[in-house]
Every structure is written in structure tokens, then in C-alpha cells.
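Excluded from the calculations below are hydrogen atoms, water molecules and symmetry mates; all remaining heavy atoms, backbone and side chain alike, are included. Letters go in sequence order (proteins before strands), and every chain restarts at 1. Just so it is clear, the structure is predicted and the values come from calculations on it, not from any experiment.
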2 protein chains.
Amino acid sequence: MTSTNDRVVPPAARRRRRPTKSGVVLSEELIVETALRLLKEHGADALTVRRLGLALGADPSALYRYFRDTDDLLLAIADELIGRTLRTWHPTGDWRADLRDLGLRVHSGSLAHPQAAVLSSYRVTGRVHEIAAVETIIGVLRGAGFPDPEAVRIYHAFVDQALAFAALDAASVALPRAARDAEAGVWRATYARLPVDSHPNIAATARHLVLDMGRSAYPTALDLLLSAAAARLTEITGGGDAKGTPQRPPGPSH
Amino acid sequence: MTSTNDRVVPPAARRRRRPTKSGVVLSEELIVETALRLLKEHGADALTVRRLGLALGADPSALYRYFRDTDDLLLAIADELIGRTLRTWHPTGDWRADLRDLGLRVHSGSLAHPQAAVLSSYRVTGRVHEIAAVETIIGVLRGAGFPDPEAVRIYHAFVDQALAFAALDAASVALPRAARDAEAGVWRATYARLPVDSHPNIAATARHLVLDMGRSAYPTALDLLLSAAAARLTEITGGGDAKGTPQRPPGPSH
DNA sequence: TTAACAGGTCAACGCTGTTGTCATAAGGTG
DNA sequence: CACCTTATGACAACAGCGTTGACCTGTTAA
């Protein structure tokens, strides 16, 4: 329905033929892999259609046979990252521990590919891996005993918090080396030296600030969120049923 | 030391002369103001050097006499936004209500100018407005009765969560119109139509998902964080002293 | 064996940020 | 008032971007 111009053929109907001039046989997977490699090796700015074509040994315009536009490609990259994270996650049935584990995995997974995370963490892909994740997480919450509207609210807060922190911390990691060092230095050089009388609270806590600001606040924020959710749950269920019956046996749904 | 090419003159040494062809006299402030107006009126895509020049009635290249590059301009815009947000915040002495109010202000302030928020929310500036904010927020927490290490931990989680969500939601808003509409549609078109037997949890909550995913999860996440922090506080202080004595009279410190 | 067509290639468009060069009006100086 | 310096605006050009229409060609099914 996207006007008449659709050079993209659905992957199912694709009977891949015709190697590129340099001999490579293109595929959706190969393109996404190469894009991730480009991002990892040369930073977010290196990901352009033209450079990606060059890295693949194909004309840039060939990519448009596989992705409607660069945004479409970006979503495919994002979904691949979700898939990789989910594949290493093995829920135990304890909703709080499972969500904590998943959150930390999403976070550290993003830091492993900061450039990709920065570009894609805020997108709704609607692709297979994302759908599987949504299904599983909501299942965990409903299984824990949250009523549907509450489960959705907490799901939304949990997921967006994980993605938001992933993007935030990934952005720091993705900064040019000089800029990153400069930022770290600000806490020592500026904040830790403020006089007591003009900035009593900073001065009193300077030691803690220097220590704490050097690492991600995500674990703290995640624990606060989960702890509030747990409190809400006992409020609702009247104290019992903290574990609950899973709506679905452990393991990501396919 | 930024090589030999510096057409930017420090604002102090500026003795503004020479009106533009259309009669406007340029200045740093006028450029930032106009950029904010452009962003607000015509969306994030409208902010290009060329369009900004057009809106000012000046040649695009004239802007490079005031800002080193577009990133420099964006930081100036961001700084202006921080100032505006702080200026409209008036703490009452109730730590939880005050932090809630500040968080929401930071968030909505970013959404009003998503382009700037996306680029600047993860940077430590060490500038006056930022320092004032840090001093005030830590003061609020210590005044509430949090011991120093706990105050710093919660400060960090609170601030980074506000910035992270601001960037996340701003990024959505900053999306090209088509992509934004597409995302909204995914929840209706894809998620709301998944069959019950393959995706029972999504199917059961589809109605809530469509409703909830359309808006930001930040208010929920913020309330969860504050509620957990409040619980932590009564745990520490043994239930009394919920209001506490402010370490500093209300109002951002200057 | 051949015809259809998926898919790779080429060239071009309009857009972007940025810079080297030139022109000129403002403002200090005498 | 006239002069000179110079700050600063204008112009033109560059390289690079995403994207598309037209063309060409190898693969595959019949």
C-alpha cells in the first residue's frame, strides 16, 4: 500500500539469485550482519547506505531490494539485537528475579553494541523477536498475579526503562574518547571542589558522588522499580501468592 | 587550538555591526530563539542550517560566525532549555511532590524540543544551571532524611531516569512523521491481531496495550521510583520524619 | 531452449553541513 | 571629516547523503 514504488520483495518469495559484481550473494541476514560490523568497528557515523554497499561489495542501491529505506534497515538491526538478548535469557519462574535478569541483559547487550543501541533502542519494530519478548514479559507479570491493566502498565515502565537506560549509557560509551574522559573529569575537577558554603549538599556528599556517578544508575533504578512493583502486588493480592502460577512454562515463546 | 579555522568570535569581543541584507542584526540569542521557534513550529526536521538562515533572513554561512558547527548550536539550545526548566520550578518542601514535579518538568521540557533533547540529554556539562540542579536535588533528599550514600544513589537514579526517558520519548517525537505514524499503527495492526493460541498474553491484554503504549511510561516509572524511595526512607528512619527538615530553604540555589 | 523477471548497476536529483574567498559597512583614530 | 582596519555578511563551491528511474543480465521454471 506504500504507493506504487516497492522494489522490496517479501523474504518468503525471495529466491536469491544473481551474485553481485564482486561475487557476494546478498541476503537480508548478510546485510544486517555487515551493518552491525560497520557500527561496531567504525562508529555510528560509518553506517550510511553508500558505505554499507561498499562494505558488502555491492552498489548502494542494491540494498533497496531488501529494505524499503534506511529506517527499515535500522529496525531490522534493532530486532536482531533483541533476538540475541532473548536467546541468552532463561527465566526461572521467580518473576522478580527473572525481570531483573532480563533488564540487566538488555542493558549490557546494548553496551556491547552502543552505536546500534543509540540508533534503534527507541523503535517499535513489530518484528518476530520483539513480539516474542512482549509476549514473554507480559506472561511473567500476569503469572505473578498482576491484573491485566496493571501488568501492561508495569510491562511498559519496565521495558521503556531498560531501553531508555540502555540508550543513555550506550550514548556515553559511544562518545569520542576525549569527550568521555572529559565528562568523567568534571565530577572530580568541578563538583568535588565546590566550596562548602555555596554548595553545602554537594560538598557533603562529594565523596559519594565521585564514586557513584562513575557507574550506571540502571541497576539502582531497576531495583527501585521492581521493589515498588512487588509492593504494589502484595497490596493487590493481599499479601499471598507472591510467586503465582506462570501463564506459560518458562522459556521465551516462539 | 581547533586548527586554524575559527570564524567564531567570543561573545565578549563581539561589537555587533553590519546588519544582514534583509536588515536583521544577528546575535547569539536571536539565533537560538529563532531555532527554538523553528523547532516548535515546523518540527524537528525543519532545523537545518539553511532553513535557519532563511528564517533569520541571513545567509546560512553567517551562522558560522556565531557557532562552530551545528552541534555547538544544539548545545546552546539545550543550555537555554535547562535554564527555562529550572526557572519554572518552585519546590514546596515536600520532597516527593517536589521531585515528581521536577521530573515531569524535565520530561515535558524535552518533548517540547526533542531534537535538542536527543543530542544533549546524556552530557555532563558542569555548567551553572546543572550545578544548581544537583545541589538542590541532593539537598531535597538529604533534607528528607536520606543518609548521604543513599541520597546520592537515589539522586543518580532519579536524574538519569528523567534524562533517559526524556531522550527516549524525545527520540520518538523527533521521528519523521511517517515513521511515527507507522509505530502507532504497529500496536493496532500487528499486536492487536495476534491469535490467542500462539500469543495468549498479548491477546488477553491487547486492549490495554493499544491504550498504554500510545503514551509515555515515564509518569509510571517515576511514581514507582519515588514510591520505592519513600518505602526505603521509612525503613531507614523507622517510620517517622516523612517530611524532614530541608537542608536549605526552598528555591533552586544560585 | 527459451522467456520472464528478480535483482544488480548506473546516473542523476535535491538535499545536507561546511568552508574559502570576496565585499562592505561600522567604528576607532587623527 | 576622511581614512584604515576588521568584523562579519554574502556567494559559490564541495563532498557526501538518501533515494529513485531506467537499464541490463543471469537464473530459473516451463
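Contact check for Leu63(B) versus Leu52(B): side-chain heavy atoms found under the 4.5 Å cut-off. Looking only at side-chain heavy atoms (C-beta outward), Val25(A) and Arg18(A) stay at 4.5 Å or farther from each other. Side chains of Thr136(A) and Trp89(A) form a contact here, defined as non-hydrogen atoms less than 4.5 Å apart. Taking the side chain as every heavy atom from C-beta outward, Tyr64(B) and Asp59(B) never approach each other to under 4.5 Å.
Tyr66(A) places its OH atom 18 Å from the C1' atom of dT20(D), with the value rounded to the nearest Å. A straight line from CG of Leu26(A) to P of dT25(D) spans 18 Å, rounded to a whole angstrom. Atom CG in Leu47(B) sits roughly 12 Å away from atom C1' in dG17(C) (whole-Å rounding). Following rounding to the nearest Å, Leu30(B) (CG) and dG9(D) (P) show an atom-to-atom distance of 11 Å. When rounded to the nearest whole Å, the span between CZ of Arg65(A) and P of dT19(D) equals 15 Å. In this structure, the CZ atom of Arg68(A) is 15 Å from the P atom of dG7(C), given to the nearest Å. Rounded to an integer number of Å, the gap from Ile31(A) CD1 to dG7(C) C1' is 11 Å. Atom C1' of nucleotide dG18(D) and atom CG of Asp45(B) are separated by 13 Å, given to the nearest angstrom.
Between the side chains of Tyr191(B) and Glu130(A), at least one donor N or O sits under 3.5 Å from an acceptor N or O.
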Write out a two-atom table: protein N or O, nucleotide N or O from nucleotides 11-15 of chain D, distance below 3.5 Å.
residue : atom : partner  : partner atom : Å
dC11(D) : OP1  : Lys21(B) : NZ           : 2.6
dC11(D) : N4   : Ser61(B) : OG           : 2.8

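Toward the 5′ end of DNA chain D lies the nearest nucleotide of Ala58(B), the other residue of the pair Ala58(B) and Thr48(A) mapping further downstream. Heavy-atom distances to DNA chain C give each of Pro19(B) and Arg51(B) a nearest nucleotide, and the one nearer the 5′ end belongs to Arg51(B).
One donor-acceptor pair, N or O on each side, does fall under 3.5 Å between the base of dT25(D) and the side chain of Arg18(A).
Checked options Thr48(A), Val49(A), Leu47(A); the residue passing with Arg51(A) is Thr48(A) (criterion: side chain to side chain contact (heavy atoms under 4.5 Å, CB included)).
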Practice task
Take Val140(A) and Asn201(B) through the test side-chain contact (heavy atoms from CB on, under 4.5 Å) and record every step on the way to the result.
Solution key: CA-CA 9 Å; Val140(A) 166; Asn201(B) 294 301; over 6 Å; no

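The side chain of Tyr64(B) places no N or O atom within less than 4.0 Å of a non-bridging phosphate oxygen (OP1 or OP2) of dG9(D).
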